A.B. asks: 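Quick one: this structure, given as structure tokens, is what I'll be asking you about.
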Amino acid sequence: MLTSVIVVLLVLVTLAYAVVPLFVRKGVDPLPDDRDPVVVDLEEERDALLLAIRELDGRLDLPAARREALRARYEAKAAQVLRTLEQRRDARAPAPIGAAPRPATRPGTRRLPWGTLGLLGIVLVTAASLGAFVLPRIGDNTVTTSFESDLAVATALRDLQRAADRDPSVANLMALADAYWGLQDGENAGATYRRVLTVVENAGTGLPPALAYKRLALLAVATDLAGARDLLVEARRVDPTDPETLFALGELSFALGELEASSEAFTAYLATPEGSGDGDARARLELVEAIGPATEALAQDRSVENLMALAEVYWTSGAQDPAVEIYFEVLTDLDPENVLALSRTGELLFIRGRTDDAILVLERAAAAAGGLAALEPQATLFLGNAYVIQGDDAAAVRAWQAHVDAVGFEAAGRVTGLIEAAQARLAGGGAASGDAISAAASPAPATPAPASGATSVGGPSEALTGEAEASAALADPALLLEVGATLYQANCALCHGSAGQGGVGPRLTGNARARDEGNVRSLVRFGRGAMPGFGAVLSEDQVEVLAQWVGQELATPR
């Protein structure tokens, strides 16, 4: 009600300012320039409507149907304003040279701009009828306006800023930093948290809040993994039993290869009430403890056997990147014809989209092994996939057939269908179809999904499937499960957990916000708060696959 009264009063004041000069010549000073105020008002109204239309894509708190209804309403109003603006400009355009002059009014008289008065009357009626309605923001049981909500947030932020300026104490600065964090303003939040640390350091007494260190670590994790680890160490010094700090410290230490520190952090996390039942953390601890003895053996004797043993621990746990680094060392320094190292390296090259290199390495593995039949089934599957992407159906059939012969007809799944399709294309002279090419996105069933330690934390890493495979996955629900899981493990798992259980980033399993595919889509593209955007790394189809997979597989309760 109060908002309605304020809006009506403002419109009346504006109307009075516009109407008085029309009747009282000496009542006002002349305008400083000759711009048409009606055109200015229409341009401002046009810009406001266009801005409102653009902002609708970010209004994820509204149902899709409501957003579309609002969009249609704003677009219709914008079209009306644009027509009125064009008519107004045409009416005020200077007359062409040679055209008859407009009839002059009698001296001492002034013609009323009825169009302006009519438009202002419409504005008044519209404002009175709209009242407090601007853009609805719908919560669980409440309906507010974006104007009122944004005004309240801005007022609260201003008060916090003033309080921090008057008294830059730890309490005031933390309150301001937390407000910035809640608004997803990472730059100002980080600057204010750093001010907190400076204040405590200058005071020489007490400890900074652990939350300041944790959130600075989240902001640093995308660009400085070691720096983020150091900040978490400081957070743990302040609060030694905080489960979030312990879990994140275990993950970051593992990603940095600091196995002893990772093991100690995960052990401490599992000893907390919150972490005692976390199966994923326990699995990660078991992996760290398995890597330890293999690393010690390697330190004593850097033989092919010890290198391959450590690589296998990484590979079977899903940490493919460090595994392939070891395989590459074996191939370059010790055994250039090691079949297993060649096969695994070729498989990862294919997953990373380097199809030509993958074919060369896998063919070299087959030659070293004595033929396709001697390769492990996973390698022949990937080799067939690589061939079909390159358009070589005949070679793809040979590799896929070797895979079927090794695993059996039943276990081969859809590979038999791919063989039949490739043979049909060879008989008819056709090119590979999208369905056949989409097989390239399919990791072999024996390969575990990459664990969260397989990629850099938080940053947009190279997608593990190409754009063509993502496009095919959108039309194939079964393929979408595979491509979505691979994309998630490559780009999201280290922050959100290999199974969406959370970690440095929030939990996704059972998360209602994660079930909103529009929200996930926006977050992946543009980022938010400490999360970086992946829009420059992933294609539109890859983003769509990831959004659908997270919403359907992780966030939806089973």
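If you're wondering where the values come from, they're calculated on a predicted model, not measured in any experiment. Throughout, numbering of the chain's residues begins at 1 and tracks the sequence.
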A.B. asks: I want to check something: taking the side chain as every heavy atom from C-beta on, are I359 and T355 in contact at a cut-off of under 4.5 Å?
C.D. replies: yes
A.B. asks: With a 4.5 Å heavy-atom cut-off, do L381 and V415 have their side chains touching?
C.D. replies: yes
A.B. asks: Mind telling me whether W549 and Y488 have parallel, tilted or perpendicular rings, with 30° and 60° as the class edges?
C.D. replies: tilted
A.B. asks: Could I get the full list of side-chain contact (heavy atoms from CB on, under 4.5 Å) partners for E289, not counting sequence neighbours?
C.D. replies: S263, L285
A.B. asks: Ignoring hydrogens, what is the shortest heavy-atom contact between A369 and A374? Give both atom names and the distance.
C.D. replies: O-CB, 3.3 Å
A.B. asks: Within a strict 4.5 Å, meaning less than it, do heavy atoms of the Q378 and H403 side chains meet?
C.D. replies: no
A.B. asks: Does a side chain donor of either D356 or Q390 reach within less than 3.5 Å of an acceptor in the other side chain?
C.D. replies: yes
A.B. asks: Taking atom types as modelled and ignoring hydrogens, do the side chains of Y387 and E363 form a donor-acceptor contact shorter than 3.5 angstrom?
C.D. replies: yes
A.B. asks: Do side-chain atoms of R364 reach the backbone of P336 as a donor and acceptor pair under 3.5 angstrom?
C.D. replies: yes
A.B. asks: Return the set of residues passing side-chain contact (heavy atoms from CB on, under 4.5 Å) with Q548 (not counting sequence neighbours), or none when no residue passes.
C.D. replies: L474, L480, E517, E544, Q552
A.B. asks: Counting only N and O atoms by type, is there a donor-acceptor contact under 3.5 Å from the side chain of S276 to the main-chain atoms of L270?
C.D. replies: no
A.B. asks: Let's go through F247 and D278 carefully: what are the C-alpha distance in whole Å and the side-chain angles of both, what is the deciding distance for side chain to side chain contact (heavy atoms under 4.5 Å, CB included) to 0.1 Å, and is it a yes or a no?
C.D. replies: CA-CA 10 Å; F247 182 88; D278 192 332; 4.2 Å; yes
A.B. asks: Which residues pass the side chain to side chain donor-acceptor pair (under 3.5 Å) test with D405, sequence neighbours left out?
C.D. replies: Q401
A.B. asks: Would you call the rings of Y314 and F254 parallel, tilted or perpendicular, taking 30° and 60° as the class edges?
C.D. replies: tilted
A.B. asks: Checking E274 now: which residues fulfil salt bridge (charged side-chain N to carboxylate O under 4.0 Å, His left out) with it, not counting sequence neighbours?
C.D. replies: none
A.B. asks: If the condition is side chain to side chain donor-acceptor pair (under 3.5 Å), which residues does D242 pass it with, not counting sequence neighbours?
C.D. replies: K214, T245
A.B. asks: Which residues satisfy the side chain to side chain donor-acceptor pair (under 3.5 Å) test with Y327, sequence neighbours excluded?
C.D. replies: E312, R344
